[in-house]
Amino acid sequence: MSTFYITTPIYYVNDAPHIGHAYTTVVADAFARWHRLLGDDTMMLTGTDEHGLKIQRAAEENGVSPQEQVDSTSVLFRDAASLMNIANDDFIRTTEPRHHAAVQELMQRIYDNGYIYSDTYEGLYCVGCEAYYTEDELNDGNCRIHDRPAEQMVEENYFFKLSAFADQLLEYFEQTDGVVKPDGYRNEVLGLLKQELRDVSISRSSLSWGIPVPWDDKHVFYVWYDALINYATAAGFGADDAAFEKWWPNVTHIIGKDIIRFHCVFWPAMLLAAGITDLPKYYVHGWLLIGGEKMSKSKLNSVTPKQLIDGDDDQGFAAFGVDGFRYHFLRDPPFGPDSDFSYEQMITRYNSDLANQFGNLVQRVITVTGKKCGDVSPAPSADSPLAAVATEAYEATAAAWERAQPPIAFDATWRLIRETNEYLAANEPWKMEEGADVDRVMGDALEAIRIVTILASPAIPEAAQRTWERIGMEGNVEDQRLPEAAGWGAYPGGVALLSGDPLFPRLKG
RNA sequence: GGCGACGUAGCUCAGCUGGUUAGAGCGCUCGACUCAUAAUCGGGAGGUCGUGGGUUCGAGUCCCACCGUCGCUACCA
């Protein structure tokens, strides 16, 4: 059995959860669920990033302690994950003691290995970015992102010798296959590595809301370096060596394209500097845009997962349910490029794929079986024309996951649904007399539904489980193991079917 | 400025190392059916593959130029 460890970025608690975070988290969860189906020992991690000057100042403004400030926001992300039915195995907060310990341990190792040195840094600093800028990176002295004046700052900093790792990193990304998916982003990483790698400042003495530098307690680590280490913390770094050795060689980070530099350059360099030679793999996605613009500036920025899952009459949002919500983000945006978030597209996708094709198929098959096959379900036939379709659907689905392309995976799975609808139309079982012929057709359809239910479960876990029960299967879909469970003929027949309300009621556009 | 990506049916996109009449889903339209959530099934319309050159027996698929959109170039998923 192999292991699979997948992470989302940890979300900065300065922001409330929006559908951009939701997208990343849902995709990560679906990957984790797919790997569990494959029988991989899987761990999925998400969490919150809670240090830094922005937090410290927000707390001051609100008249609360930084800890109170982050406690109140972190829980919003935890709740959002729960609302979206995210089956994360851990939720890390960078303010936890275990993380403090891991950061200090890892940084101390880097220091002991001679890759950290002290120097002064003077420059124009944007508090919003928590970053220094040069004059020409500013717009009339104002930060281009936050449109506020950068402040002149001088501080004693510790620097990390990033420059020492250029060759090793280049070798890793050039020679190791499939490290960065989709492939296009690998080129971006190589592009970054071929520029001059300048040493980076990793500490701050100007604030206290951070993790103290163990060899100099006047400093705290700059929030980004503290944050990156969360992935190692949760895997047991410095605390549970067996766990770390188990998970770390198989870690995959899901990240947005904007944080490639941190994750693909700084982070692996830090690992190497600390003597850790297993480096992460990456799935990189683009942004969800609205009207071609990045989410944060637009009106729909305020759309929350909850509004789309539960519906919002005031705003005119339909209730997609947790599965409808998840399915859209897994099926519509191509994984990698930027794509426009479209409410209309979300409605269309839901009605077409979930209500009309899948939900309706389940409904009609159960009804016809009940009318034509007596009290119990028939078994599938070994030589069904759908058998080959099912095999193909499974193989294409699995291949798409392997390429880190959830939209293609679900498209492949849905081909089996469409073919099953065609199969029914071609055979017209509702016109047939009770007997072997109609039993064969309905057994085949039920078997196709069983397989689809498993393959679709990473996107629509709730509806998958309900479908599983309606076709008379016992236990949980998520306990099925691929590829065996996708093999044709496993549907037992002779079980009682359950009818019920539509799994996905059609939504009004 | 430098590096890079993209531009294919109304929409979202597939089209690997160049090879018969350019594909899918959705949408639209006509028809069929009635088991089903006005769902499903079949047919159809619709593209000079951004523009102009070039290489080749042959290019959406390689090369050049141009136009357009966008990203990265030290920190918003």
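Order of the sequence lines sets the chain letters (A, B, ...), proteins ahead of strands, with each chain counted from 1. When reading the values below, keep in mind they use all heavy atoms of this one structure, side chains included, and skip hydrogens, waters and symmetry mates.
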Next on the checklist: Can you measure A:Arg331 atom CZ to B:G25 atom P for me and round it to whole angstrom units?
Outcome noted: 11 Å
Item to check | Gap between atom CD1 of A:Ile110 and atom OH of A:Tyr115 - 0.5 Å precision | outcome: 10.0 Å
Checklist outcome for this item: Closest to the side chain of A:Trp224, out of B:C41, B:U37, B:C75, is B:C75
Checklist outcome for this item: Which of B:C75, B:U37, B:C26 is nearest the side chain of A:Ser352? It is B:C26
Checklist entry - Over how many whole Å does the gap from A:Asp353 atom CG to B:G27 atom C1' extend? => result 14 Å
Next on the checklist: The side chain of A:Trp287 is closest to which nucleotide in this list: B:G71, B:A74, B:C41?
Outcome noted: B:G71
Next on the checklist: Hydrogens and angles aside, do A:His99 and A:Asp226 bring a side-chain donor and acceptor to less than 3.5 Å of each other?
Outcome noted: yes
Next on the checklist: Between B:U55 and B:G10, how far apart are the two C1' atoms, rounded to whole Å?
Outcome noted: 36 Å
Checklist outcome for this item: A:Asn427 CG to B:U40 P, in whole Å, measures 18 Å
Checklist entry - Does the side chain of A:Thr413 pick up a donor-acceptor pair with the side chain of A:Thr397 at under 3.5 Å? => result yes
Checklist entry - Near RNA chain B, under 4.0 Å by heavy atom, which residues of residues 361-369 of chain A? => result A:Gln363, A:Arg364, A:Thr367, A:Val368
Item to check | With sequence neighbours excluded, residues passing side-chain contact (heavy atoms from CB on, under 4.5 Å) with A:Pro17 | outcome: A:Leu76, A:Phe77, A:Ala80
Checklist entry - Between B:C35 atom P and A:Glu433 atom CD, what is the distance in whole Å? => result 14 Å
Checklist entry - On a whole-Å scale, what distance lies between the P atoms belonging to B:G27 and B:A39? => result 9 Å
Checklist entry - Atom CG of A:Asp199 to atom P of B:A74: distance rounded to whole Å? => result 16 Å
Checklist outcome for this item: Heavy-atom nearest nucleotide on RNA chain B taken for A:Glu422 and for A:Val200; more 5' hit belongs to A:Glu422
Item to check | Candidates B:U37, B:G25, B:C72 - which lies nearest the side chain of A:Leu503 | outcome: B:U37
Checklist outcome for this item: Residues at least two apart in sequence or cross-chain that pass side-chain contact (heavy atoms from CB on, under 4.5 Å) with A:Asp501, listed by chain then number, are none
Item to check | C1' atoms of B:C72 and B:C26, separation to the nearest Å | outcome: 33 Å
Item to check | Candidates B:C72, B:U40, B:A77 - which lies nearest the side chain of A:Leu192 | outcome: B:C72
Item to check | Residue met sooner reading RNA chain B from 5', once A:His285 and A:Asn360 are mapped to nucleotides | outcome: A:Asn360
Item to check | Spacing between A:Ile408 atom CD1 and B:C16 atom P, to the nearest angstrom | outcome: 13 Å
Next on the checklist: Need one value for A:Lys431: base, sugar-phosphate or nothing, where a base atom within 4.0 Å counts as base even if backbone is also close, heavy atoms only.
Outcome noted: sugar-phosphate
Next on the checklist: Holding to side-chain contact (heavy atoms from CB on, under 4.5 Å), I want the full list of residues that pass it with A:Ser384, two or more places apart in sequence or in another chain.
Outcome noted: A:Ser381, A:Leu386, A:Tyr423, A:Asp444, A:Trp488
Item to check | Same-atom distance (C1') from B:A9 to B:U48, integer angstrom | outcome: 13 Å
Item to check | Gap between atoms NE2 and P, on A:His263 and B:C72 respectively (whole Å) | outcome: 16 Å
Next on the checklist: I'd like to know if the side chain of A:Tyr11 pairs up with that of A:Thr24 as donor and acceptor (distance under 3.5 Å, no hydrogens or angles considered).
Outcome noted: no
Checklist entry - Ring centres of A:His328 and A:Tyr343 under 6.0 Å apart? => result no
Item to check | Per A:Trp430 side chain, nearest of listed nucleotides B:U34, B:C75, B:C26 | outcome: B:U34
Next on the checklist: Work out how far the P atom of B:U12 is from that of B:G53, and round it to whole angstrom.
Outcome noted: 29 Å
Checklist entry - Do A:Ser205 and A:His219 have side-chain atoms, one donor and one acceptor, less than 3.5 Å apart? => result no
Item to check | Rounded interatomic separation in angstrom, taking CG from A:Leu193 and P from B:U73 | outcome: 14 Å
Checklist entry - For atom C1', what is the distance between B:U51 and B:G7, given to the nearest Å? => result 11 Å
Checklist outcome for this item: Note, RNA chain B 5' to 3' with Watson-Crick or G-U pairs under 3.5 Å encoded as ( ), [ ], | and . gives (((((((..((((.....[...)))).(((((.......))))).....(((((..]....))))))))))))....
Next on the checklist: Of the options B:U37, B:G25, B:A77, whose atoms approach the side-chain atoms of A:Arg418 most closely?
Outcome noted: B:G25
Next on the checklist: Taking the C1' atom in each of B:G15 and B:G47, what is the distance between them to the nearest angstrom?
Outcome noted: 14 Å
Checklist entry - Across the strands shown, which category fits A:Arg261 at heavy-atom distances under 4.0 angstrom: base, sugar-phosphate, nothing? => result sugar-phosphate
Checklist entry - When we call it a touch if two heavy atoms are under 4.0 Å apart, what does A:Lys372 touch: a base, just sugar-phosphate, or nothing? => result nothing
Checklist outcome for this item: For A:Glu434, the side-chain contact (heavy atoms from CB on, under 4.5 Å) test, sequence neighbours excluded, returns none
Next on the checklist: I'd like to know if A:Asn356 reaches the base of B:A39 with its side chain such that a donor and an acceptor end up less than 3.5 angstrom apart.
Outcome noted: no
Checklist entry - Among B:U37, B:C75, B:C72, which nucleotide sits nearest the side chain of A:Phe262? => result B:C75
Item to check | salt bridge (Lys or Arg N to Asp or Glu O under 4.0 Å) partners for A:Arg418, two or more places apart | outcome: A:Asp411
Next on the checklist: Can you check the distance between B:G52 and B:U8, where both ends of the measurement are the P atom (answer in whole Å)?
Outcome noted: 16 Å
Checklist entry - With sequence neighbours left out, what residues match A:Asp90 under salt bridge (Lys or Arg N to Asp or Glu O under 4.0 Å)? => result A:Arg98
Next on the checklist: Is there a side-chain contact between A:Arg198 and the phosphate of B:A74, meaning an N or O under 4.0 Å from OP1 or OP2?
Outcome noted: no
Checklist entry - Hey, is the side chain of A:Gln357 poking within less than 4.0 Å of OP1 or OP2 on B:G25, counting only N and O atoms? => result no
Checklist entry - With respect to the side chain of A:Lys257, which nucleotide from B:G71, B:C26, B:A74 is positioned closest? => result B:G71
Item to check | With A:Asn356 via side-chain hydrogen bond (donor to acceptor under 3.5 Å, both in side chains) - residues at least two apart | outcome: A:Arg506
Checklist outcome for this item: A:Glu395 meets the salt bridge (Lys or Arg N to Asp or Glu O under 4.0 Å) criterion, sequence neighbours left out, with none
Every protein N/O within reach of nucleotides 1-12 of chain B N/O, cut-off under 3.5 Å:
none

Item to check | Any residue meeting salt bridge (Lys or Arg N to Asp or Glu O under 4.0 Å) with A:Lys371, in chain and number order, not counting sequence neighbours | outcome: none
